Amino acid sequence: MKTHTFRSKPELIAILVIAFFCFMAANCHSSSAKTADINAGSAPEPAKSDGDKTANSPETKMPNIEGMKVADPKTVLGRPEVPILCYHQIRDWKPTDSKTAQAYICPPAAFAEQMKMLADSGYHAILPDQLYAYLNEGTPLPSKPVMLTFDDTDLDQYTVATPIMEKYKFKGVFFIMTVSIGRPRYMSKEQIKDLSDKGHAIGSHTWDHHNVKKYQGTDWVTQIEKPTKQLETITGKKIQYFAYPFGLWNPQAIPELKKRGMIAAFQLYAPRDEQDPLYTIRRIIVPAMKPAALYKSMRQGFSAY
């Protein structure tokens with residue numbers, strides 16, 4: 001996939017094995033990915049109440065996390081996990097896309113059906129501040145919360161995914177790789193600001209997707225400090241949330257992120273760190289799976305919801 005031009009082959013292999021397993025196990029679409037009917041008996045139940053209320057509905061007040069006390073790790077780990085979905089490219093597959101590349105691509109038709117399933121099933125899209133307040137203070141979340149996250153700054157996230165989400169009043173979290181801003185097929189500064197102004201959350205995804213586990217010397221300045229300042233200039237808001245490239249992290253990275261203003265960080269499939277669970281929040285990659293398969297993956301991976 002196009003953003004992987006910034007990634008080395010050894011770095012990519014570690015995550016592709018997991019992603020491909022998820023891709024196959026989740027009962028993905030055929031290459032056309034145009035039909036995604038929910039199978040009888042495995043489908044989620046339709047919402048029975050206020051399924052159209054979302055994180056930014058008038059009924060839901062966003063929490064003020066400024067100066068919020070961080071809970072002890074046992075408290076954070078003891079709270080039920082919220083399903084967090086990770087998307088990359090929202091486009092149709094091409095004949096040149098490999099099987100591993102397809103694991104990072106969700107065709108628009110499949111994405112639309114997934115969003116409809118979430119809305120029809122009564123899910124509410126939440127934002128990082130809500131999750132942070134919940135994990136630390138137990139602040140109540142909307143019923144059936146889910147978080148929709150997008151990595152790598154791909155333009156189709158803005159032009160294709162966002163309009164579909166807005167149909168259901170869903171808000172998302174966009175983790176920006178700043179080296180790509182303004183390049184062909186990626187978002188511009190103006191589009192990133194527009195997302196922020198409309199209530200979506202903007203987070204950091206490094207400068208050029210360099211593996212955090214390999215940072216040395218000034219890498220922390222190049223990959224974290226400068227991108228954070230750039231995104232704050234673009235949005236006019238604090239940037240406090242981070243997504244690890246490839247989902248890969250190590251304990252040495254966490255204090256470095258803390259020093260640079262990050263209050264939480266998102267990985268992929270690995271167990272959360274017992275000492276710093278806020279910096280190892282789990283997500284699952286979503287390919288072109290059927291709505292019923294996505295629902296099943298969410299229930300299995302995040303059993304509370």
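All values derive from a computational prediction rather than experimental measurement.
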TODO: Of all the heavy-atom pairs spanning P145 and Y123, show the shortest one and how long it is.
DONE: O-CD2, 4.0 Å
Open item on the list: Quick one: does any side-chain atom of S98 pair with a main-chain N or O of A101 as donor and acceptor, under 3.5 Å?
Closed with: yes
TODO: Run the salt-bridge test on E81 and R272 with the 4.0 Å N-O cut-off and return the result as yes or no.
DONE: yes
Open item on the list: Please check: side-chain N/O of R260 versus main-chain N/O of I224, any donor-acceptor pairing under 3.5 Å?
Closed with: no
Open item on the list: Can you confirm whether or not the ring centre of Y215 sits under 6.0 Å from the ring centre of H210?
Closed with: yes
Open item on the list: Could you go through K171 and M165, starting from their C-alpha distance and side-chain angles, then the distance that decides it, and tell me whether this counts as side-chain contact (heavy atoms from CB on, under 4.5 Å)?
Closed with: CA-CA 7 Å; K171 300 299 181 185; M165 292 165 59; 5.6 Å; no
TODO: Test D194 against Y158 for side-chain hydrogen bond (donor to acceptor under 3.5 Å, both in side chains), laying out the working first.
DONE: CA-CA 9 Å; D194 184 53; Y158 179 84; 2.7 Å; yes
Open item on the list: When you measure from the side chain of H200 to the backbone of K198, do you find a donor-acceptor pair of N or O atoms at a distance under 3.5 Å?
Closed with: no
TODO: Could you walk me through whether S121 and K144 pass the side-chain hydrogen bond (donor to acceptor under 3.5 Å, both in side chains) test, one step at a time?
DONE: CA-CA 9 Å; S121 303; K144 299 185 76 171; 5.1 Å; no
Open item on the list: I'd like to know if the side chain of Q130 reaches the main chain of L127, judged simply by a donor and an acceptor atom lying under 3.5 Å from each other, with no hydrogens or angles considered.
Closed with: yes
Task: Closest heavy-atom pair and its distance - I126, P142 - done: CG2-CD, 3.9 Å
Task: Polar side-chain atom of T280 near backbone of D273 as donor-acceptor pair, under 3.5 Å - done: yes
- [ ] Taking all non-hydrogen atoms of both residues into account, name the closest pair between M262 and S204 and its distance.
- [x] CE-CB, 4.0 Å
TODO: Before accepting this row, confirm whether a basic side-chain N of the pair E113/K116 lies closer than 4.0 Å to the acidic partner's carboxylate O.
DONE: no
TODO: State whether the number of non-hydrogen atoms from other residues, nucleotides or ligands found under 6.0 Å of E166 atom CD is greater than 12.
DONE: yes
Open item on the list: The test is side-chain contact (heavy atoms from CB on, under 4.5 Å); show your working for L131 and I84 and say whether it passes.
Closed with: CA-CA 10 Å; L131 181 67; I84 304 178; 3.9 Å; yes
Task: Shortest non-hydrogen contact from A270 toward W249 - done: CB-NE1, 4.2 Å
TODO: Using a cut-off of 6.0 Å, state whether more than 12 heavy atoms not belonging to K258 lie near its atom NZ.
DONE: yes
Open item on the list: For E256 and K259: C-alpha separation, side-chain torsions, deciding distance, then whether salt bridge (charged side-chain N to carboxylate O under 4.0 Å, His left out) applies.
Closed with: CA-CA 5 Å; E256 298 293 342; K259 288 180 192 176; 3.7 Å; yes
Open item on the list: Is it the case that the side chains of S180 and T153 hold a donor-acceptor pair, with the cut-off being a distance below 3.5 Å and no angle test?
Closed with: yes
TODO: Could you tell me whether a side-chain N or O of T162 sits under 3.5 Å from a main-chain N or O of Q157, the two making a donor and an acceptor?
DONE: yes
Open item on the list: Could you report the tightest heavy-atom contact between N136 and M68, atom names first, then the distance?
Closed with: CB-SD, 4.1 Å
TODO: Step through the shown structure and confirm whether more than 12 heavy atoms of other residues, nucleotides or ligands are within 6.0 Å of NZ on K167.
DONE: no
Open item on the list: For Q216, is there any backbone N or O sitting under 3.5 Å from a side-chain donor or acceptor partner on D219?
Closed with: yes
Open item on the list: I'd like to know if R283 pairs up with D151 as an ion pair, taking the criterion as any Lys NZ or Arg NE/NH1/NH2 lying under 4.0 Å from an Asp or Glu carboxylate oxygen.
Closed with: yes
Task: Nearest-0.5 Å distance, CD1 of residue I284 to CZ of residue F302 - done: 5.0 Å
Open item on the list: Treating K189 as the side-chain partner and G182 as the backbone partner, does any N or O pair qualify as donor plus acceptor under 3.5 Å?
Closed with: no
Open item on the list: Classify the ring geometry of F242 against Y244: parallel below 30°, tilted from 30° to 60°, perpendicular beyond 60°.
Closed with: perpendicular
Open item on the list: Here's a test for you: under side chain to side chain donor-acceptor pair (under 3.5 Å), which of D97, D154, D156 qualifies with R91?
Closed with: D97
- [ ] For the pair D152 and H205, evaluate side-chain hydrogen bond (donor to acceptor under 3.5 Å, both in side chains) and give the outcome as yes or no after the intermediate values.
- [x] CA-CA 7 Å; D152 298 349; H205 199 41; 3.1 Å; yes
Open item on the list: Taking the basic N atoms (NZ, or NE/NH1/NH2) and the acidic carboxylate oxygens, is any pair closer than 4.0 Å for K238 and D129?
Closed with: no
Task: Test item: side-chain donor near acceptor, Q114 and Y295, under 3.5 Å - done: no
TODO: Please check if the side chain of E232 supplies one atom and the backbone of T235 the other of a donor-acceptor pair under 3.5 Å.
DONE: no
Open item on the list: Given 3.5 Å as the limit, does a donor-acceptor pair link the side chain of D276 with the main chain of Y279, or not?
Closed with: no
TODO: Taking the six-membered ring for Trp and the single ring otherwise, decide whether the centroids of F266 and F175 are under 6.0 Å apart.
DONE: yes
- [ ] Step by step, work out the side-chain hydrogen bond (donor to acceptor under 3.5 Å, both in side chains) result for D72 and T75.
- [x] CA-CA 5 Å; D72 62 88; T75 297; 2.8 Å; yes
Task: Check: R282 and L268 side chains under 4.5 Å, non-hydrogen atoms - done: no
Task: Heavy-atom pair of closest approach, residues L257 and A265 - done: CD1-CB, 4.1 Å
